[in-house]
Amino acid sequence: MRRLAASIARSTEVARTLPGRLSRSLAPTREGRKRRLANLALLGLALVPFVIAWATLHGRGGQGEWQVVQELAPPWTLATADPAPAPLGLLGARVRFDRHRVQAPSPLGCRRASYQWLQQPRAAAVLVALPDSPAAQAESRAAALGLPAQVTTLRVDCGEARFDYHRVGDELLAVVGGRLLRLGP
């Protein structure tokens with residue numbers, strides 16, 4: 001009889017602790033099922049803000065929205081006799097990098113965009129932007145743009161075209177059609 005009384009006393013003490021409460025809520029009784037459903041409902045309710053945040057970020061999935069704040073001829077064309085390329089007319093245009101497309105005026109906009117972040121030397125960034133540029137001048141041209149020694153580049157591949165946006169501080173630089181575009185947040 002004493003053993004039975006001790007066992008009952010231990011079981012009520014265990015039920016007051018967290019593992020005891022969990023074992024009671026998982027018990028195959030009607031009360032256990034109700035508690036399990038209540039616990040699942042509370043867990044689901046607690047996860048709702050995280051699911052909304054994840055869906056919002058995943059749905060956007062892009063790289064933000066930028067505005068063309070400056071469009072000019074690259075500095076090295078000013079020092080030479082080469083004529084500066086014609087303006088693209090993109091000053092003030094908004095460039096929005098959505099998940100799978102770039103919303104922007106032509107030639108920057110595209111429907112099927114894929115993004116890739118790269119770390120590359122600044123001379124390589126200039127050579128990619130200006131493939132007809134002599135390799136010997138790439139380093140001086142990169143320095144004229146104000147690019148750091150290692151450049152973080154957002155490469156946007158649109159299938160038929162590829163654009164590289166180089167991060168300089170809180171701005172992006174891109175060379176498009178022989179013109180230098182500076183994009184600000």
Side-chain angles (χ1 to χ4, degrees), residues 8-71 88 90-122 124-125 128-129 145-176 180-185:
I8 292 174
R10 278 193 308 249
S11 67
T12 56
E13 288 173 13
V14 169
R16 291 184 188 145
T17 65
L18 182 60
R21 288 183 182 178
L22 286 175
S23 65
R24 277 193 322 181
S25 68
L26 297 175
T29 63
R30 183 173 285 182
E31 181 183 331
R33 275 184 246 140
K34 285 181 183 177
R35 284 188 182 185
R36 186 172 45 234
L37 290 175
N39 289 344
L40 287 175
L42 284 174
L43 178 64
L45 188 61
L47 291 177
V48 165
F50 297 105
V51 170
I52 290 172
W54 176 82
T56 302
L57 290 175
H58 186 70
R60 289 183 187 157
Q63 308 300 326
E65 186 170 339
W66 301 79
Q67 183 174 9
V68 178
V69 295
Q70 195 174 27
E71 177 185 337
L88 298 171
L90 295 174
L91 187 62
R94 300 228 81 21
V95 179
R96 183 173 168 185
F97 299 103
D98 288 335
R99 185 171 177 203
H100 291 293
R101 72 179 188 179
V102 179
Q103 291 183 357
S106 180
L108 298 177
C110 72
R111 291 182 181 218
R112 293 188 180 130
S114 63
Y115 304 106
Q116 180 182 12
W117 283 102
L118 305 169
Q119 284 287 97
Q120 57 187 350
R122 65 181 172 188
V128 168
L145 288 176
L147 296 176
Q150 283 291 316
V151 179
T152 303
T153 301
L154 172 62
R155 178 163 288 166
V156 179
D157 191 5
C158 293
E160 68 278 353
R162 177 182 286 170
F163 299 102
D164 285 348
Y165 297 89
H166 310 291
R167 185 174 283 281
V168 178
D170 62 344
E171 296 182 328
L172 295 177
L173 292 179
V175 178
V176 178
L180 177 65
L181 300 178
R182 188 176 298 271
L183 288 81

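All residue numbers refer to positions in the sequence shown, counting from 1.
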[X] vs [Y] side-chain heavy atoms within contact, under 4.5 Å:
X: Gln119; Y: Thr152; value: yes
X: Leu181; Y: Trp66; value: no
X: Leu154; Y: Trp117; value: yes

Nearest heavy-atom pair of [X] and [Y]: which atoms, and what distance?
X: Leu108; Y: Val102; value: O-CG1, 3.6 Å
X: Arg101; Y: Cys110; value: CB-O, 3.2 Å
X: Leu90; Y: Glu71; value: N-OE1, 2.9 Å
X: Pro105; Y: Arg94; value: CD-O, 3.8 Å

Just by distance, do the side chain of [X] and the backbone of [Y] share a donor-acceptor pair under 3.5 Å?
X: Gln70; Y: Arg182; value: no
X: Tyr165; Y: Glu171; value: no
X: Gln67; Y: Gly184; value: no

Rounded to the nearest 0.5 Å, how far apart are CG of Asp98 and OH of Tyr115?
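Atom-to-atom, Asp98:CG and Tyr115:OH are 6.0 Å apart.
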Approximate separation, where rounding is to 0.5 Å, of Leu173 CG and Asp164 CG:
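Reported to 0.5 Å precision, the distance equals 12.0 Å.
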Gln116: partners by side-chain hydrogen bond (donor to acceptor under 3.5 Å, both in side chains), with sequence neighbours left out
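Scan of Gln116 (side-chain hydrogen bond (donor to acceptor under 3.5 Å, both in side chains), adjacent residues dropped) gives none.
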Would you call Arg155 and Asp157 a salt bridge, taking side-chain N to carboxylate O under 4.0 Å as the test?
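No, no charged N to carboxylate O under 4.0 Å.
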Could you work out, with salt bridge (charged side-chain N to carboxylate O under 4.0 Å, His left out) as the rule, every residue matching Arg112, not counting sequence neighbours?
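None.
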